[in-house]
Amino acid sequence: MRNITAYLSVVLVVSLLLAVASSGCIGTGTTQEKVLVVGTSADFPPFEYKNASNGQITGFDIDLIKLVAKKMGYDRVEIKDMDFDSLIPALQAGKVDVVIAGMTITPEREKVVDFSIPYWEADQAVLVRKGSGIKVSSVEDLKGKKIGVEKGTTGAIYVKKHLGNSSTIKEYPTYVAAIEALLNGQVDAVVLDSPVAEMFSKKYNSVEIVYTIKTGEHYGIAVKKGNKKLLDGINKALKEIMNSPEWNKLVEKYFGS
Ligand code: ARG
């Protein structure tokens with residue numbers, strides 16, 4: 001008799017627990033979790049890149065969006081890595097909630113997505129192999145050269161506009177591929193965002209920045225056009241973070257010497 005009572009109470013407790021768990025009241029996973037799905041293109045150090053030792057996607061933008069998400073009450077972020085020129089379509093198709101990818105706020109992009117307040121500034125830099133003898137004192141000096149860019153970026157748009165008729169422009173799906181092409185001589189120069197060019201010139205001894213095109217770009221976090229609620233939340237969180245010591249810590253972590 002004692003055994004049966006004990007058995008029944010165990011059954012009762014277990015089924016109660018199962019009921020509670022499946023209703024999502026305790027943290028067994030998916031049902032209650034608030035997840036922010038983030039699109040990025042992890043070829044852009046120090047903003048987003050793959051950690052060399054474990055392949056994890058990390059960087060300034062990744063830490064920043066995690067801080068923003070936390071402030072907004074999300075439990076976690078899910079990072080989706082893709083080619084840069086797939087990011088806006090992914091946002092429009094609802095495959096990601098936000099894009100953070102060192103993305104420049106431009107009037108053309110503002111027609112199709114909405115941007116947060118700016119959080120970083122950049123120009124375009126010209127990266128060449130050391131000892132290549134290529135001297136650049138104006139964009140004109142790149143005429144007749146083979147220039148590598150990342151497809152869909154402001155750098156690609158700039159060189160196509162200014163050098164499209166006079167140079168060979170090679171578009172790569174990622175900066176990893178563009179830098180590789182520079183290292184092995186397939187292109188003479190790569191035009192890319194100045195903070196990232198600086199990182200690459202530190203990482204690879206054999207390349208150097210020879211010129212900076214002052215484009216005065218601003219990076220913003222993008223959301224689907226009209227997603228005002230999400231954008232307002234992001235802007236509020238971003239302002240708070242940028243005015244707090246967290247911001248300096250983040251800058252120091254990824255740009256400090
Ligand atoms: N700022 C440039 C642009 O918006 C380049 C961004 C590239 N970002 C990246 N994660 N690959 O076009």
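Each ligand, and each atom within it, is numbered from 1 in the order the structure gives. The structure presented is a predicted model; accordingly, all values stated were derived computationally and were not measured. Hydrogens, waters and symmetry mates play no part in the numbers below; they use all other heavy atoms, side chains included. The residues of the chain are indexed from 1 along the displayed sequence.
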TODO: Check the side chains of T58 and Q56 for a donor-acceptor pair under 3.5 angstrom, ignoring hydrogens and angles.
DONE: no
- [ ] Kindly assign one of parallel, tilted or perpendicular to the pair W247 and W120, based on the angle between their ring planes and the thresholds 30° and 60°.
- [x] tilted
TODO: From the options L142, V190, T168, V126, select the one residue that forms a side-chain contact (heavy atoms from CB on, under 4.5 Å) with I147.
DONE: L142
TODO: Indicate whether the side chain of Q124 and that of E217 have a donor and an acceptor atom separated by less than 3.5 Å.
DONE: yes
Show the short N or O contacts, below 3.5 Å, that ligand 1 makes with protein N or O atoms; if there are none, say 'none'.
residue  : atom   : partner : partner atom : Å
ligand 1 : 1 (N)  : G102    : O            : 2.8
ligand 1 : 1 (N)  : T104    : OG1          : 2.8
ligand 1 : 1 (N)  : D193    : OD2          : 2.6
ligand 1 : 4 (O)  : T104    : N            : 2.8
ligand 1 : 4 (O)  : T104    : OG1          : 3.3
ligand 1 : 4 (O)  : R109    : NH1          : 2.7
ligand 1 : 8 (N)  : A101    : O            : 2.8
ligand 1 : 10 (N) : S41     : O            : 2.9
ligand 1 : 10 (N) : E48     : OE2          : 3.1
ligand 1 : 10 (N) : A101    : O            : 3.3
ligand 1 : 11 (N) : D43     : OD1          : 2.8
ligand 1 : 11 (N) : E150    : OE1          : 2.9
ligand 1 : 12 (O) : R109    : NH1          : 3.4
ligand 1 : 12 (O) : R109    : NH2          : 2.9
ligand 1 : 12 (O) : T154    : N            : 2.7
ligand 1 : 12 (O) : T154    : OG1          : 3.4

Task: Taking every non-hydrogen atom, the tightest pair across E78 and V35 - done: CB-CG1, 3.8 Å
Task: Hphob cluster co-occupancy, L64 + V196, side-chain heavy atoms under 4.5 angstrom - done: yes
